[in-house]
Amino acid sequence: MSLSIKTWLLLVVSAFLLLQSVFTVDQTEQVIITQFGKPVGEPITSPGLHFKIPFTQQINSFDKRYLAWDGPMVEMSTKDKTYVQVDTFARWRITQPMQYYLRLRDERSAQSRLEDILGSETRTAIARHELIEVVRSDKDRKPLQDESLGPLTGEGTIGVLRPIRVGRAAIEKDVFDAAAPKLAEFGIELLDVRFKRINYNHQVLERIHQRMISERLQIAQRFRSEGEGEAARINGNRDRDLNEIESTAYKRVQEIQGEADAKATEIYAKAYGQKPESAEFYKFLKSMETYRKVIDGDATIVLSTNSDLFGLLKRVEKNNR
C-alpha cells in the first residue's frame, strides 16, 4: 500500500514537471525564453510544441501579426502658421523579437515609443509644409462646382484650388521614411503611416467660415450686378422701342392730320371761293371761332380801331341797332 502511494506521488510529480517543461507556440506568436530575467537561446518563431526548464525559465510571447497604433489628436502648426489638429494611425509588427524584448519588454512600452517617434516626426513634417499641402493629395484635382453658379466660380480666387507641389501622401511618406529607421532599432518594422483626420483649430475654423461667407457674398454680389445690368439693358431696349413706336405713330398722326387739314382746306376753298359772299361768310365763321376760344365771361379786350376784330364787332353792333 505504501509503495502504491509513492508510485502515485512520483507519477503526479513527473506529470507536473512535464507540464511545466512543455509549452505550445501558436502560429500567431513568437516566444523568447528567459532564465532569471535574461534571454536564453534564440527566439522561437515556429509554431508547435516546445520545451523549457521548469520553474527557472519563463516564457515571453509576442504577437507576430500586424499591430495597430492609433495616436491621439494632437494640435500642431503648419508652415503658414495655421494651427490644425492631426489624428495619426500606423501599422507595425515585431520582426526582431530579441531586440524588441531587450529594448522595450512589452507592447505597452512599444506603443509609448511609437507615440513619441511618430508624433515627433509628424509635427516636424507638418511644420515644414503649408496647410494646402497637408490636406490635399491629388495635384490634378478639380473643385466641384455648383452648376447654378455658372462661370462665376472660374473667376478670381473663388472656386479655384491653389496648386500643390508635394501633397498629403508625400508628407505621410516623409513621416514613414523618418520614423522607420528609428523604430527598427527596437526590433519594430513600421508598415504604414496615415493621417486619419485633420481638423482646423477652433479659431482657424471661425476664420474659414468667415472666408466662406465672404466668398458667397461676392458670388451673390456678382449675381446682383449681372441682374441689375441685364435689367438696365432690358429697360433701355424697352424705352427705345417705346420711343420708336411713339415717334412712328406721332409721325403718322401728323401725316394723317396734315393730309386731313389739306383736304379740309381744299374743300373749304372750293366751297367758299365760289362767291364773294361765301368768302365773307367763311371769314365770319373763323372770327366767331376765335372769339369763342379767347373770350370768356370775365375777359376784357382792348382793340385798335384798325383791327379786323374791332371792325367786325362794330358791324355786328350796327346791325343789332
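Positions are given from 1, in the same order as the sequence printed here.
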Donor-acceptor contact below 3.5 Å, side chain [X] vs main chain [Y]:
X	Y	value
E133	V166	yes
N60	I32	yes
E172	F195	yes
S214	Q210	no

Checklist entry - What closest approach, in Å, do V193 and A90 show between heavy atoms, and which atom pair accounts for it? => result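 Closest approach of V193 to A90: CG2-CB, 4.1 Å.
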Next on the checklist: Quick check: closest heavy atoms across M98 and G41, and the distance to 0.1 Å?
Outcome noted: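 The pair with the smallest heavy-atom distance is CE-O, 3.5 Å.
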Same cluster for [X] and [Y] if Ile/Leu/Val/Met/Phe/Trp/Tyr side chains link at under 4.5 Å?
X	Y	answer
F89	V175	no
L104	L67	yes
M76	V135	yes

Would you call [X] and [Y] a side-chain contact if the rule is heavy atoms closer than 4.5 Å?
X	Y	value
T34	V40	no
K52	I59	yes
T122	V86	yes
I33	F23	yes
L131	V84	yes
L49	V25	no
T248	R252	no

Checklist entry - Would E121 and K182 satisfy salt bridge (Lys or Arg N to Asp or Glu O under 4.0 Å), going step by step from the backbone distance to the final call? => result CA-CA 11 Å; E121 296 301 333; K182 296 180 181 180; 2.5 Å; yes
Next on the checklist: For F186, does the six-membered ring have the charged nitrogen or CZ of R103 within the cation-pi criterion, i.e. under 6.0 angstrom from the centroid and within 45° of the normal?
Outcome noted: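 Relative to the ring axis of F186, which defines the angle, R103 lies inside both limits.
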Counting only heavy atoms not in [X], do more than 12 sit closer than 6.0 Å to its [atom1] atom?
X	atom1	value
Q254	CD	yes
Q221	CD	yes
E244	CD	no

Next on the checklist: Can you pull out every side-chain hydrogen bond (donor to acceptor under 3.5 Å, both in side chains) where at least one residue sits in residues 104-113? Sequence neighbours excluded, please.
Outcome noted: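 Sorted result for residues 104-113: Y101-R105, D106-S109.
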Next on the checklist: For D87 and K196: C-alpha separation, side-chain torsions, deciding distance, then whether salt bridge (Lys or Arg N to Asp or Glu O under 4.0 Å) applies.
Outcome noted: CA-CA 5 Å; D87 190 357; K196 181 167 63 175; 3.6 Å; yes
Checklist entry - Do E189 and R93 pass the salt bridge (Lys or Arg N to Asp or Glu O under 4.0 Å) test, and can you show the C-alpha distance, the side-chain angles, and the key distance before you say yes or no? => result CA-CA 5 Å; E189 180 187 2; R93 65 179 178 179; 2.6 Å; yes
Item to check | Check ion pair E130-K79 (N to O, under 4.0 angstrom) | outcome: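 Answer for the salt bridge query: no.
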Next on the checklist: The test is salt bridge (Lys or Arg N to Asp or Glu O under 4.0 Å); show your working for K263 and D261 and say whether it passes.
Outcome noted: CA-CA 5 Å; K263 190 66 175 177; D261 291 343; over 6 Å; no
Checklist entry - Between CZ of R91 and CG of L191, what distance do you get to the nearest 0.5 Å? => result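 Here the rounded value is 9.5 Å.
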